[in-house]
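In what follows, chains are A, B, ... by sequence order, proteins preceding strands, each numbered from 1.
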4 protein chains.
Amino acid sequence: MCPKIVDREAKKLEILQAALQVFSQKGISNTKMIDIARAASIGKGTIYEYFSSKEDIFITGFHQFFAGYDEMISNAIKKQDHPSEQLKVLIHVSLEAIFEEQKDFIGILMDFWAEGIRSKDNSMEDAIHLKEMYQNYRMMIRQIIDRGIAQGVFRPIDSMAFASFLLAAIDGLMLQWVMEPELFDMKQIAESLCDGMLNGIRN
Amino acid sequence: MCPKIVDREAKKLEILQAALQVFSQKGISNTKMIDIARAASIGKGTIYEYFSSKEDIFITGFHQFFAGYDEMISNAIKKQDHPSEQLKVLIHVSLEAIFEEQKDFIGILMDFWAEGIRSKDNSMEDAIHLKEMYQNYRMMIRQIIDRGIAQGVFRPIDSMAFASFLLAAIDGLMLQWVMEPELFDMKQIAESLCDGMLNGIRN
Amino acid sequence: MCPKIVDREAKKLEILQAALQVFSQKGISNTKMIDIARAASIGKGTIYEYFSSKEDIFITGFHQFFAGYDEMISNAIKKQDHPSEQLKVLIHVSLEAIFEEQKDFIGILMDFWAEGIRSKDNSMEDAIHLKEMYQNYRMMIRQIIDRGIAQGVFRPIDSMAFASFLLAAIDGLMLQWVMEPELFDMKQIAESLCDGMLNGIRN
Amino acid sequence: MCPKIVDREAKKLEILQAALQVFSQKGISNTKMIDIARAASIGKGTIYEYFSSKEDIFITGFHQFFAGYDEMISNAIKKQDHPSEQLKVLIHVSLEAIFEEQKDFIGILMDFWAEGIRSKDNSMEDAIHLKEMYQNYRMMIRQIIDRGIAQGVFRPIDSMAFASFLLAAIDGLMLQWVMEPELFDMKQIAESLCDGMLNGIRN
DNA sequence: GATGAATGAGCCTTCATTCAT
DNA sequence: CATGAATGAAGGCTCATTCAT
């Protein structure tokens, strides 16, 4: 709470934002410390006042990125009451919000993905936990479905399998969007996905 | 056609296979030229007799990998006549065959994906064409659907959108499988996907 | 004489003590300015209010260390009157006192030694004068011997050579003690050295 | 025995010699890899083909240096039969030979010494074993003495203590010689040391 | 053709020193 | 005066590529 700490935290965040920016543009393994320093308008050495290594920046960025993502979706869901609406919101936010609010950072999502997958054979495995992140996401979906089933608005489907398919569809669509943004109208795609999914499970 | 050339081509392929093997195990950016050389049981310098650079190996490997993938699917489809069967086969082969026949190479798929996406901001863009590969894949699906519609076995849906969704589901499921292979029984997942997709479009 | 100046000098000394402490523990080239600052419970920048550089600290510490050493021995000798006793005291103090009174600082002696020797090919040569320190020490011994010879208590030996040998023995024994303190009982060693030396020159 | 190995070993030795040369001139911690490379007339990276790190060079050099020293002394002793002669030879070789045959490398002895002592608080302790080297040296002396006592040529003194004193004298004299080479005539000093030591123990 | 020894550009990281507060 | 955040020069090390044999 003392001003020093606030300043340091703020600056650390600033550097992190700069790093995410650069990661997004050049890819993680192509990003040099000097790039981050320049992006943050600081000296190369200053980065090490706030992060212990390049990997530290990556991991911190990774978590911040997904924490923000999670929070965005959680918040959106909490505002809804009805399971159908919650599912709609989840799909829409997952696919749309990120492009609107963090359009610049979409490249990095793919990078984090790749690195996260790669981290299985890595020293980073303990720090990355992409698996757990997916589990959380899957759980979020399952709970919506299960509540919907309990309330009788959804048919008694295998909520786990459904969650996996929905997750797969969202990720897969993102992947295609990244490659050809001009080909996809995300809003419409999201709408279609909602329709398809809800039609399939509505009672 | 002279034997020398055949030999050269054969050796180039051998190196490529070795490279793919190593890429698969260590990730592309963690693979050193010496690793490839050792895997191919040749000298480090010899690689440069067949490839101009590490990037050349990557790009050639990239294309060979996806060409093989494409061919596998194309061949499987050709053996079928009925659009429903073709769709089934496409899904099964896409999800299963790769794991069965190239189980060792699954890691590399993710890597190529990541690099392919990354190549958008890269000098490699002209050489990678991940976009075109996706287009081809999408087209394969569209043609099946369109023929099915023409034959009256499928409802007159938006075949392009359908292809995108199917592609998305396949990619997304793969992604999840890579992270938690033990969680997914691919055969069953593929079956479910077939059912869901075909039910949605069958006339 | 104004209090400010006294304060400054006192603080400078405080920092120097802290520096010697750290030098002793970590070795000189492994000691960072931040270590000294922390040991002195001051800010890193504050050191530069009292010393112009790390080298300045080293040199000042070097001189203070040996000045203290010299003073200790000189004082001990002055309390004695008889040359034999003076020689005994010199040997005992040289070998024992430092371990008893400055046990913590024994590591640093070796470090200063090494740096002092190294300084021959160094920019520090002008500041270190290890050679002169040895000369002083040798002189101290010579004067005792010469007085002893004059008084007829010692045989008319080559006092310079004797001083060198005694110095050599003291340094060499220290060196061995540093490596294996548990192997040597300094008090006993000192006693033996006294006996041997005095026997050799006593009239 | 195959030529490759011979060449590699020869080159490794060449680099080591160059490194020792530079160590000797600039001190170990002031020696940069580029200095060694230039001294060996090779590229910076080439060093790493033969040594894994700067520390590796230091440790290898350290051992080679002392191994050479040991061998020189052992060989000289073996040529003598009588304990008195062996002791004489040991003293002379220890003090003289190194200056004559490796005059250029005398600076490095001090450096290795300093580093060896410092290594007590170091990760290098396991690799350096300065303590063991001293033990070996001490043992060499003890065996000569013990044999002399057994043969009745030496008085029944404490051979361990004697060895320590002799060692101390040798090291201490070296130390002074390094600082003021012009002040000492090593041959004469060695002669005096022989006389003193032998007189003290001869039966 | 095949090889692996040699290379040096380029990277991450450290740390003595500076300077605005 | 005191401070510690900021700095950038410098160093150890890696590795894709070259080239003499």
Looking across every strand, which nucleic acid part, if any, lies under 4.0 Å from A/Ile34 by heavy atom: base, sugar-phosphate, or nothing? nothing
Just how far, in rounded Å, is P of F/dA2 from CZ of C/Phe51? 13 Å
Could you walk me through whether D/Leu130 and D/Phe62 pass side-chain contact (heavy atoms from CB on, under 4.5 Å), step by step? CA-CA 10 Å; D/Leu130 195 59; D/Phe62 183 91; 3.6 Å; yes
Separation of F/dA16 P from B/Phe58 CZ (nearest whole Å): 15 Å
Give none if E/dC15 has no partner; otherwise give the nucleotide forming a Watson-Crick or G-U wobble pair with it, both distances under 3.5 Å. F/dG8
To the side chain of C/Arg8, which of F/dC1, F/dA5, F/dC15 is closest? F/dC1
Starting at atom CG of B/Asp35, determine the distance to atom P of F/dT14, rounded to an integer number of angstrom. 14 Å
Counting side-chain heavy atoms from C-beta on, which of F/dT18, F/dG12, E/dT17 comes nearest to B/Tyr48? F/dT18
Side chain to side chain, D/Met33 and D/Ile57, heavy atoms closer than 4.5 Å: yes
Look at the side chain of A/Lys44 and the base of E/dT13, then say whether one donor and one acceptor between them are separated by less than 3.5 Å. yes
Touch class at under 4.0 angstrom, heavy-atom based, for C/Tyr50 against every strand present: sugar-phosphate
Mark yes or no: C/Lys11 above the aromatic ring of C/Tyr50, with NZ or CZ under 6.0 Å from the six-membered ring centre and no more than 45 degrees from the axis. no
Using heavy atoms to find the nearest nucleotide of DNA chain E for D/Gly43 and C/Ser52 separately, return the residue whose nucleotide is more 5′. D/Gly43
Using atom CZ of D/Arg38 as one end and atom P of E/dA6 as the other, report the distance to the nearest whole Å. 18 Å
Please determine, for the side chain of B/Lys11, which listed nucleotide (E/dA2, E/dA6, E/dT17) has the closest atom? E/dA2
Which pair of heavy atoms, one from A/Val22 and one from A/Ile36, lies closest together, and at what distance? CG2-CA, 4.3 Å
How many Å lie between CD1 on D/Ile36 and P on F/dC13, as a whole number? 10 Å
Could you check whether B/Thr31 gets within reach of a base, just the sugar-phosphate, or nothing at all, counting any heavy atom under 4.0 Å? sugar-phosphate
How long is the span from the CG atom in C/Leu16 to the CZ atom in C/Phe65, to the nearest 0.5 Å? 11.5 Å
Between D/Ser53 and C/Gly45, who's closer to the 5' end of DNA chain F by nearest nucleotide? C/Gly45
Please give, in whole Å, the distance from F/dG8 P to A/Glu49 CD? 13 Å
Side chain of B/Met33 (C-beta onward), nearest among F/dT17, F/dA10, F/dC1: F/dT17
Side chains of D/Gln64 and D/Gln17, heavy atoms from C-beta outward: is any pair under 4.5 Å? yes
Please give the nucleotide sitting opposite E/dA20 as a Watson-Crick or G-U wobble pair, both distances under 3.5 Å, or none. F/dT3
Just the rounded figure in Å: distance from P of F/dA16 to CG of B/Asp56. 14 Å
Nearest to the side chain of A/Ile42 - F/dT7, E/dT3, E/dA5? F/dT7
Roughly how many Å is it from NZ in C/Lys54 to P in F/dA9, rounded to a whole number? 20 Å
Start at the 5' end of DNA chain F and walk down; is the nucleotide closest to C/Ile47 or to A/Thr46 reached first? C/Ile47
